[in-house]
Structure formats: C-alpha cells, structure tokens
Amino acid sequence: MTPRFKPVSVHGSVWGLLASYWFALAAVVIIVIAVGRTNPTAAMWVILVALIALLVSSAFATGSAVIVTERAITVRRRLRAEWSIPAADLTTIEEHIPMRPRARSLAGWAFRAEGHPKATIEMAMFAPLDRRKLRNVFADVLVSPDLGRPTANR
C-alpha cells in the first residue's frame with residue numbers, strides 16, 4: 001500500500017525567524033542608525049532588547065517540529081503538548097495567511113482530524129526550504145478558510 005504522505009521531518013530554526021521577520025530586523029537597523037547618531041547609549045539598549053527578543057523567539061522556534069511518517073503525523077511546539085495522529089485521520093490543514101503584510105511565510109497552519117483536537121503551528125518558525133517541503137507533502141489537504149478551496153493553485 002502506498003503511504004498517504006511522503007515521510008518528512010522539519011524542525012524550527014533561527015534562520016526561519018530571520019527569513020520570515022526580515023522587516024522587523026530592518027526596522028531595528030533603521031532605529032539603531034537614527035538613534036545612534038544622537039544617543040549611542042539608547043542605540044545599545046535597542047540592540048540589547050532586539051537580541052533578547054531574538055533569543056526568546058529562537059527558543060520557541062527550535063522547539064517546533066512537524067514530523068510525518070508513513071503511519072503518523074506529529075506536531076511539536078515548545079510549552080505545548082505534543083500532537084500526534086494517524087496519517088489516515090488527517091482531514092484538512094487550514095492555512096491562515098495574515099492580510100497585512102500578505103505573506104505566506106507568516107501563515108499559521110491548523111491541522112484538523114476527525115475525532116481529534118486541532119493543532120496549530122506558525123510557519124515562521126521554519127526555514128523557507130522546510131516550508132516548501134511541508135507545502136509539497138500536504139498539497140492535497142491544504143486549504144484556505146477564506147477562499148474555501150485548496151491553496152496549491154494560488
């Protein structure tokens with residue numbers, strides 16, 4: 001029997017955060033340049049706060065994982081219970097893309113299965129190549145709740 005989904009394992013990373021939130025990184029650089037000219041101490045505080053935010057978000061990102069085997073789908077998130085179901089039970093994955101900025105990299109996925117609670121995960125936690133792997137594996141069950149149709153055709 002052919003497995004429903006191709007086995008894949010992706011884990012969150014700092015690279016995923018930087019690739020997804022590049023505009024926030026650019027904003028920090030602009031603020032540091034603007035403030036640093038008149039107040040170098042304030043610029044150092046901005047850098048320190050940005051590094052602390054990156055450290056905390058990196059801890060959450062590295063604790064995220066989506067593991068697909070021939071028999072099961074497992075979603076891991078830091079500070080939340082591990083979600084695991086048989087692969088045959090997965091019905092849909094809803095892709096919630098924010099309106100502003102309209103970026104797939106910031107989407108949240110909600111895994112839905114009959115008789116199981118749903119699991120949500122942020123795609124920003126994963127590197128761009130890993131997000132593409134997941135989109136390819138789940139192409140037939142990935143839907144947009146706004147459009148009511150599969151998102152593979154967009």
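Reckoned from all heavy atoms, side chains included, excluding hydrogens, waters and symmetry mates.
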Can you measure from [atom1] ([X]) to [atom2] ([Y]) and round to the nearest 0.5 angstrom?
X	Y	atom1	atom2	answer
D140	T92	CG	OG1	11.0 Å
L106	S20	CG	OG	6.0 Å
S57	Y21	OG	OH	8.5 Å
M125	S58	CE	OG	9.5 Å

Kindly indicate whether the side chain of [X], heavy atoms from C-beta on, has any atom under 4.5 Å from the side chain of [Y].
X	Y	value
L142	W109	yes
L134	M123	yes
V68	P7	no
V141	T91	no

What's the verdict on side chain to side chain contact (heavy atoms under 4.5 Å, CB included) for L79 and F60, showing C-alpha distance, side-chain angles and the deciding distance? CA-CA 8 Å; L79 300 179; F60 281 94; 3.5 Å; yes
For F111, enumerate each residue passing the ring-ring contact (aromatic ring centres under 6.0 Å, His included) test, keeping only those at least two apart in sequence or located in another chain. W83, F138
Contacts of F126 meeting ring-ring contact (aromatic ring centres under 6.0 Å, His included) (sequence neighbours excluded), chain-then-number -> none
Holding to side chain to side chain contact (heavy atoms under 4.5 Å, CB included), I want the full list of residues that pass it with [X], two or more places apart in sequence or in another chain.
X	answer
T120	R77, R80, A110, K118
P128	W15, A19, R131, R132
T74	I67, R76, E82, S84
L51	I47

Worked check of side chain to side chain contact (heavy atoms under 4.5 Å, CB included) between T69 and F5: CA-CA 8 Å; T69 63; F5 301 110; over 6 Å; no
Transitive ILVMFWY cluster of L55, excluding itself - 4.5 Å side-chain cut-off: none
Residues clustering with L18 (ILVMFWY side chains joined when closer than 4.5 Å, directly or via others): V14, L25, L54
For [X] and [Y], which heavy atoms make the closest approach, and how far apart are they?
X	Y	value
A43	V35	N-CG1, 3.9 Å
A113	I85	CB-CD1, 3.6 Å
A103	I97	O-CG2, 3.6 Å

Evaluate whether atom CZ of R78 has more than 12 neighbouring non-hydrogen atoms of other residues, nucleotides or ligands under 6.0 angstrom away. yes
When hydrophobic residues are tied together by side-chain contacts of less than 4.5 Å, even through go-betweens, does F23 share a cluster with L17? yes
With sequence neighbours excluded, tell me which residues meet side chain to side chain donor-acceptor pair (under 3.5 Å) with D89. H116
How would you list, by chain and number, every residue that makes a side chain to side chain donor-acceptor pair (under 3.5 Å) with E94, sequence neighbours excluded? H96, R112
Is there any side chain to side chain donor-acceptor pair (under 3.5 Å) pair reaching into residues 4-14, and which pairs are they, with sequence neighbours excluded? S9-H11
Side chain to side chain donor-acceptor pair (under 3.5 Å) contacts touching residues 28-51 (sequence neighbours left out): none
